[in-house]
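First comes the structure, then the notes that go with it.
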Amino acid sequence: MRLVNFALLFLFVSCGPANESPGTANVPSETTEVSSAGMEPDEVGETLVISTTHWTNDREIGYGSGPVSEEMLLEPQSSRSDVWLQYGGDYSNNRHSPITALSPNNVDDLEFAWGFPSGTTGQFAVSPVVYDGIMYVTTSYNRLIALDATSGEMFWRYDHQLPADLRLCCGPANRGPSIHEDKILMATLDARILAFDRLSGKLLWDTEIVEYFKGFSATSAPLIVKNLAIIGVGGGEFGVRGFFDAYDVNTGDLVWRHYTVPAEGEPGYETWSGNSYETGGAPAWTIGTYDPELDLVYWTTGNPAPDWNGDARLGDNLFSDSVLAIRPDTGEREWYYQFTPHDVWDYDGNSHLFQTETLVDGEPTKAIVQANRNGFFYAINRENGEFIRATSYMEQLNWADAMESDGRPVINVEAMPSEEPTMRVCPGALGGMNGAVAGSLNPDLGFAFIPVIESCQLMQKGISMHVEGNLFTGGLPISVDGAADSEGNVPAYGHISAVDYHTGEIAWRYYDPQPMMAGTLSTAGGLVFTGSQTGHALGLDASTGEVLWKRRLGGGVRSQPIAYELNGEAYVAIASGNFQGIAAFSGADVSIPEGGQLYVFKVSSGTGESADD
């Protein structure tokens, strides 16, 4: 059964026991710390209840590399292959590994090295951090684990104790930790941000971002800029007023807050009719990126609320579905660009941002490029926010008929939600490329590698009434492409598309029978790694899209692969573990059980040759 009613999906992920952390439902609310020396988590009697939720470490671990300095975070990923310090690899956010040993010439030699279970259900969406020979992993339901990056030995573990009444739109995901000096940071589903000692695992500080029960959550890795940890919130489906914060990395104190919906009298307020701005949404739930030369942070925003009924919020609804350029020291906005004015399709603007240079009238231009959830691949001048170009990266796109010269879409009025919809609107509410996954970019080839969902939907408008902490969607999309036709075929499918980011043209596509909802990783050796909802890890030729390597992992893949090189061996880490609610909504197979597992593969660096050799 692949068809699921969206209202039931929301009910499933937002209420009741589904929000209790698996394996910790009977744990006392207070956290217990236990040293891992001489004791593993499961070394207890069969009749005992495991009440420990925090295993710390008192051994000497790592290679003695010292703290991660601000200068190290400023270095490009190409400067060293033994680390993966940021969600996007480095501040460019391009997820492009400098490892040449991961190449088409030797990918057949890439073999399983070690694995580790998440012990949780829900999507295992992590992008791990690797430093000093240690891998830091977050799981669904906010487990944080430190592992030996070469063997998988566990050094310490923390299980965040979550309330049973979380306010979640789309599953219990966490997309990864962050690192600064000797601290590891994690944001949580109950809207908190925590810092830990990276070697011992001891909790250093714990700060509430906002009261979660008002409709808030946090699912992404914090972005570390200077001495700040910047994190945004989810809650667009609950009619919150979106924002992202900057916290002092050393103390956890709030430094500034930037609201994504203006208050009365502020710039952009005039784009909301009546008092609709008070419940305007525009969540900031994905990680941004930072240009140290321009000293600008780029952050994206999501849908206005309610999602599918815009009658009470007439206007463009700034600053929803936008990219904002922010001064990190003050939180002040320098410029913005809005992708989807007056969004009534849930086309969050939160998709992955890449920093690159592109040609404009023959001149190199600092740009941000993005495969937006609305189906267009954008190039925006990152110095001033000026529109450069937008082209479709999808095979099915009909909600807009064209793009004006200033980047404003020309809406197909037949695609507007209605009480009795009949038109298949493309893309559906998931996209396109969804913000829950990361793309990658190879600057040598000039390609961005984009995971794509081709699953159109009927957009049904409904009644909208706001009650704090409750869903506020104003309708729902009907997942028609997730249902089998008379011949048993399911219309939904997916692809990895290589987009020439200088022109917006498609260089190649790899097709998969189910929508692609895992991130991609590019390597200097000429590979693209990703995963499928059918439960396979894939290695593609970056120049052609040909499948060169394929391994069955079991569970559907929703994670963001990374690569690193230690002791003469190159490693690729990719986690499996799907969330059936979103899988069904996208049109994927829900018969595969949930449950997370991290897989790490390795190949000898000495046998690797670059794709150009």
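For Trp285 and Asn350, the side-chain atoms include at least one donor-acceptor pair closer than 3.5 Å. No hydrogens or angles considered: a donor-acceptor pair under 3.5 Å links the side chains of Ser140 and Thr120. Between Trp114 and Asp148, the side chains place no donor N or O within less than 3.5 Å of an acceptor N or O (distance only, hydrogens not considered). A donor atom on one side chain and an acceptor atom on the other are found under 3.5 Å apart for Arg382 and Gln355. No hydrogens or angles considered: nothing links the side chains of Thr520 and Arg95 as a donor-acceptor pair under 3.5 Å. Thr138 and Asn174 share a side-chain donor-acceptor pair at under 3.5 Å. For the residue pair Arg373 / Ser351, no side-chain donor-acceptor distance below 3.5 Å is found, with atom types taken as modelled. No hydrogens or angles considered: a donor-acceptor pair under 3.5 Å links the side chains of Tyr290 and Asp295. For Asn578 and Gln533, the side-chain atoms include at least one donor-acceptor pair closer than 3.5 Å. Side-chain contact of Ser497 with Arg509: a donor-acceptor pair under 3.5 Å is present, judged by distance alone.
A donor-acceptor pair under 3.5 Å links the side-chain atoms of Ser392 to the main chain of Met394, judged by distance alone. The closest donor-acceptor contact from the side chain of Asn374 to the backbone of Tyr347 lies at 3.5 Å or more, if one exists at all. Judged purely by atom type and a 3.5 angstrom limit, Thr289 uses its side chain to pair as donor or acceptor with the backbone of Tyr91. At distances below 3.5 Å, not a single donor-acceptor pair connects side-chain atoms of Gln77 with backbone N or O atoms of Ser92. Remark: side-chain polar atoms of Gln560 are paired, donor with acceptor, to backbone N or O of Ala438 under 3.5 angstrom. Between the side chain of Ser322 and the backbone N or O of Leu324, no donor-acceptor pair lies under 3.5 Å. A donor-acceptor pair is defined here as one N or O able to donate and one able to accept, closer than 3.5 Å; no such pair exists between the side chain of Gln457 and the backbone of Asp481. The backbone N or O of Thr286 sits less than 3.5 Å from a side-chain atom of Trp299, completing a donor-acceptor pair. Formation of a donor-acceptor pair under 3.5 Å by the Tyr599 side chain with backbone atoms of Arg551 is not found in this model. Formation of a donor-acceptor pair under 3.5 Å by the Asn398 side chain with backbone atoms of Val425 is not found in this model.
Between His352 and Phe354, the ring planes are tilted. Angles from 30° to 60° get that label.
To the nearest 0.5 Å, atoms CH2 (Trp335) and CD1 (Ile326) are separated by 9.5 Å. Going from atom CD1 of Ile562 over to atom CD of Gln86 covers 13.0 Å, rounded to the nearest 0.5 Å. With rounding to the nearest 0.5 angstrom, the NZ atom of Lys550 is 4.5 Å from the NE2 atom of His536. Rounded to the nearest 0.5 angstrom, Ile179 CD1 and Leu85 CG are separated by 6.5 Å. Rounded to the nearest 0.5 angstrom, His96 NE2 and Phe449 CZ are separated by 8.5 Å. Within the model, atoms OG of Ser178 and NZ of Lys183 stand 12.5 Å from one another, a figure rounded to the nearest 0.5 Å.
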For a side-chain contact (heavy atoms from CB on, under 4.5 Å) check, start with the C-alpha distance between Glu70 and His180, then their side-chain angles and the critical distance, and finish with the verdict. CA-CA 7 Å; Glu70 293 176 21; His180 179 271; 3.8 Å; yes
Go through the steps for Asn567 and Glu569 under the test side-chain contact (heavy atoms from CB on, under 4.5 Å), then give the verdict. CA-CA 6 Å; Asn567 304 323; Glu569 293 179 308; 5.5 Å; no
Determine, stepwise, if the pair Val600 / Tyr564 fulfils side-chain contact (heavy atoms from CB on, under 4.5 Å). CA-CA 11 Å; Val600 178; Tyr564 54 97; 3.6 Å; yes
For Leu147 and Leu598: C-alpha separation, side-chain torsions, deciding distance, then whether side-chain contact (heavy atoms from CB on, under 4.5 Å) applies. CA-CA 11 Å; Leu147 305 165; Leu598 177 66; 4.1 Å; yes
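Contact annotation: the side chain of Trp399 approaches that of Pro409 to within less than 4.5 Å [non-hydrogen atoms, C-beta and beyond]. A 4.5 Å side-chain heavy-atom check between Tyr141 and Thr121 finds at least one atom pair inside the cut-off. With a 4.5 Å cut-off on side-chain heavy atoms, Phe116 and Val137 do not count as touching. Side-chain atoms of Pro477 and Phe585, non-hydrogen and from C-beta on, do get closer than 4.5 Å to each other. Side-chain contact between Asn93 and Tyr298 is absent, with no heavy atoms from C-beta onward closer than 4.5 Å. Counting only heavy atoms from C-beta outward, the side chains of Ser586 and Met517 approach each other to under 4.5 Å. When side chains are defined from C-beta on, Gln597 does not count as touching Phe124, because their heavy atoms never get closer than 4.5 Å. For the pair Tyr510 and Val528, the minimum side-chain heavy-atom distance is 4.5 Å or more.
When all heavy atoms are compared, the tightest approach of Thr139 to Ser118 is CG2-CB, 3.8 Å. Closest approach of Pro427 to Gly375, counting heavy atoms only: CG-N, 4.1 Å. Counting all heavy atoms, side chain and backbone alike, Phe529 lies closest to Gly539 at CD2-CA, 4.0 Å. For the residue pair Ala584 and Ser479, the shortest heavy atom distance occurs at O-OG, 4.2 Å. Considering every non-hydrogen atom in both Gly439 and Met433, the closest pair reads N-CE, 3.3 Å. In terms of heavy atoms, Ala436 sits closest to Arg558 at CB-NH2, 4.1 Å.
Atom OH of Tyr336 is surrounded by 12 or fewer heavy atoms from other residues, nucleotides or ligands within 6.0 Å. Within a 6.0 Å radius of CD in Glu404, other residues, nucleotides and ligands contribute more than 12 heavy atoms.
A salt bridge is defined here as a Lys NZ or Arg NE, NH1 or NH2 lying under 4.0 Å from an Asp or Glu carboxylate O, and Arg80 with Asp82 meets this definition.
Applying the side chain to side chain contact (heavy atoms under 4.5 Å, CB included) test between Val369 and each of Leu353, Leu441, Ile380 identifies Leu441 as the sole match. No option in Glu386, Glu293, Glu383 other than Glu293 meets the salt bridge (Lys or Arg N to Asp or Glu O under 4.0 Å) test with Lys366.
For Phe339, the ring-ring contact (aromatic ring centres under 6.0 Å, His included) criterion is met by Tyr337, Tyr378, not counting sequence neighbours.
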